[in-house]
Amino acid sequence: MEKQIPFQKLSKKKQREENRKHRNTWGPLNPVTRRPENPKAYNRRKAQKRMDDPRFCAFSFWEKAPDCFSSLPMLY
């Protein structure tokens, strides 16, 4: 029968071995909490994608009309 030695008095190597025996894995489960994105919150990635989209055209009243409106018929 082995003599019982307190955990704190074990060498670091033996403590690590003992700790590994007690640890378990989560297996296929991922314990990270996931929440759905807030649809009302500002999303930089979504805004950047919109700016990179060639169909997107920001209209400004202070400058002349951008080229994206040149294909539309003029209503005089």
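- What you find for Arg34 and Asn30 is that their closest heavy atoms are NH2-ND2, 2.9 Å.
- Residues Asn19 and Phe7 meet the side-chain proximity criterion, which asks for heavy atoms closer than 4.5 Å.
- Looking at every heavy atom in both residues, Glu37 comes nearest to Asn43 through OE1-ND2, 3.9 Å.
- Residues Gln8 and Gln15 approach most closely at O-NE2, 3.5 Å, considering heavy atoms.
- Note: Arg23 CZ to Arg16 CZ = 10.0 Å, rounded to the nearest 0.5 Å.
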